[in-house]
Amino acid sequence: MPFEKVRVRFAPSPTGPLHIGGVRTAIFNYLFAKKHNGNFILRIEDTDQNRFVSGAEEYILESLKWLNIEPDEGVGKGGSFGPYRQSERKDIYQKYAHQLISDGHAYYAFDTPSELENMRNRLKSEKHSNQQYNAKTRVNMLNSLSLSQAKVQQKLDNNDPYVIRLMLPENKEIKFQDAVLGDFVFHSSQLDDKILFKSDGMPTYHLANVVDDHLMEISHVIRGSEWTNSTPCHILLYRYLGWEKEIPVFAHMPLLLKPDGQGKLSKRDGDRLGFPVFPLNWKSQETSEISKGYKESGYSSEAFLNFLVLLGWNPGTDQEIFSLTELINSFSIEQIGKSGSKFDLDKAKWFNHQYLQKKPISELREEFLVTLIEKGINHSHLNIDKILELVRERATFTSDFWELTNYFFIAPTSYDSKVIKKRWKENTPKILTDIIVILSALNNFQAYEIETIIKQHINTQNLNMGQVLSSLRLTIVGSASGPSIFDIMVLLSKEESIMRIQNGINNIKK
RNA sequence: GGUCCGUUCGUCUAGUCAGGUCAGGACGCCAGGUUUUCAUCCUGGUAACAGGGGUUCGAAUCCCCUACGGACUACCA
């Protein structure tokens, strides 16, 4: 490896919110950097002025922060290889573009968009399999290869718009090795003379990314596999710029696919299928429409990251739950799969459930308290921690807690009619009245004691256990579900429990 | 259309590079158990090597063909 230090970059373009495919790319880069004690760099590829979306850069930064995979270097952090925003590096690209021209590896092209379209249409109608601007077609186009030197100079002096194109060799094989996909061979005849420099004075991705990766001493390029087809162009650039000995290792990772059907996951799939495709909420400034994020949907960043990293990567063991440190230790490019993966919301939920079970109760309490305040609930008499401990195993999201615990805070005002129908008998009021008497006399109001004494009563009176306990639960909770009724009663207090039973007796009518 | 890539349970995947256990795990689903409730949890079950040819004593694994899927094919990244 020509690099002493591992340096990888995550290089999104600020054209909107980062979607989960991009997030996964960031995670893989981060993990790889940390595994090798390297640097994780954030570079913003904002060379397309037309697609610039304000707020997108901040969104990217916030997303990485939420996931706890913040860059060591780059936009928002600084570093000695800056600037890290490509729009601030225009001069650098210009210099290299002109170097390529003077070395005979690039040329000026003056064709207008409509002329280019005409060419493609013509080739298409003539049934050429290839409609690219390449060694065959460029001689017929308006460029510094086909035009006389004087004519070219005249156009330049005249400030005619131009682009700079890479001049591909006519019949060469371009080979490279991909750390994920293996060996590639491309034929230059199948490639096109890519635009390196646009007429607006900005470089294209191809030039900017190669120049920056070199100047920033990037050792490994880990990116989505939509880039494999343009990699030969990048290889050529390294070669023509004299950097062939320092070409980074390429690792193209498989794409994230739509959960239904086929195809690359897109930003619109979220709305269509009703699941988030973004890490954080995103509010479009144009339409004011809000796209849901995983964070706001109740996912913890650890669970989300854990779920995402297992899409296309697997350590080869049965382990599924990983801390960030464990991920760093076990990550390797060799274990990245070759084929795309659809993602499964059920599995994402399962991960969140797993993580929720392990969270410190203080964190859960903190979030839950916000809900209680929003709802204007007085909870000073209740032990919130114990309530949460009691119900947490039933929750997938912290947002489930209110649904799971509301009866602790608000005594039932209505009762599940199905349970009434099934369990509330003629003698139920009498039985519950007896239970009130028993409970009133109970000094040590603890779960075990309550359970023992009630079951004893049921046995000696020859009562139906299911019927008694269900109707008891009905008076206290209002429905037939929830954790152990004895635990609930303890948390509610003796007085409250008795009051609820009495209310039930008074109000439940068969 | 062209170029490149991919294909193991419904889904995420292990196993493929170095060919040799009933193809292993997880999610989901189904059943049973626990909870005399519901959920969780536990146990069990369901279910896959895309198809066809080779090579070999032996193929998920190596080779070829086919099918299917995807990416790219912009003065977007």
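Only heavy atoms go into these numbers, but all of them, side chains included; no hydrogens, no water, no symmetry mates. So that the names make sense, note that chain A is the first sequence line, chain B the second, and so on, each numbered from 1.
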Pairing partner of B:C22, by Watson-Crick or G-U wobble and under 3.5 Å for both distances, is none
With a 4.0 Å cutoff (strictly under), does any side-chain N or O of A:Ser484 reach OP1 or OP2 of B:U35? no
Does a side-chain N-to-carboxylate-O contact under 4.0 Å join A:Lys347 and A:Glu320? yes
Minimum-distance nucleotide to A:Ser339 side chain [options: B:G2, B:G6, B:C27]: B:G6
For B:C72, does either OP1 or OP2 sit under 4.0 Å from a side-chain N or O belonging to A:Lys264? yes
Can you tell me the base-pairing partner of B:U7? Count Watson-Crick or G-U wobble geometry only, both distances below 3.5 Å, and say none if there is no partner. B:A67
Start at the 5' end of RNA chain B and walk down; is the nucleotide closest to A:Asp192 or to A:Lys455 reached first? A:Lys455
Would you indicate what A:Gln319 reaches in the nucleic acid, counting non-hydrogen atoms under 4.0 angstrom: base, sugar-phosphate, or nothing? nothing
If only side-chain N and O atoms of A:Lys198 are considered, is one of them under 4.0 Å from the OP1 or OP2 phosphate oxygen of B:C76? yes
Which one is paired to B:G1, where only Watson-Crick or G-U wobble pairs with both distances under 3.5 angstrom count? B:U73
Would you please confirm or rule out a distance under 4.0 Å between OP1 or OP2 of B:U13 and any side-chain N or O of A:Ser341? yes
When the nearest nucleotide of RNA chain B is assigned to A:His187 and to A:Asp200 on a heavy-atom basis, which residue is associated with the more 5' position? A:His187
Just how far, in rounded Å, is C1' of B:U16 from CD1 of A:Ile336? 17 Å
Taking the side chain of A:Thr204 as heavy atoms from C-beta outward, which of B:C76, B:U11, B:A71 is closest to it? B:C76
Across all strands shown, which nucleotide pairs with B:A31 by Watson-Crick or G-U wobble geometry, both distances under 3.5 Å? B:U43
Is the shortest side-chain N/O distance from A:Arg120 to OP1 or OP2 of B:A74 below 4.0 Å? yes
May I ask you to decide whether A:Asp192 forms a salt bridge with A:Lys194, counting only side-chain N to carboxylate O separations under 4.0 Å? yes
Examine the base of B:A71 for any acceptor or donor lying under 3.5 Å from a partner atom in the side chain of A:Asn229, and report the outcome as yes or no. yes
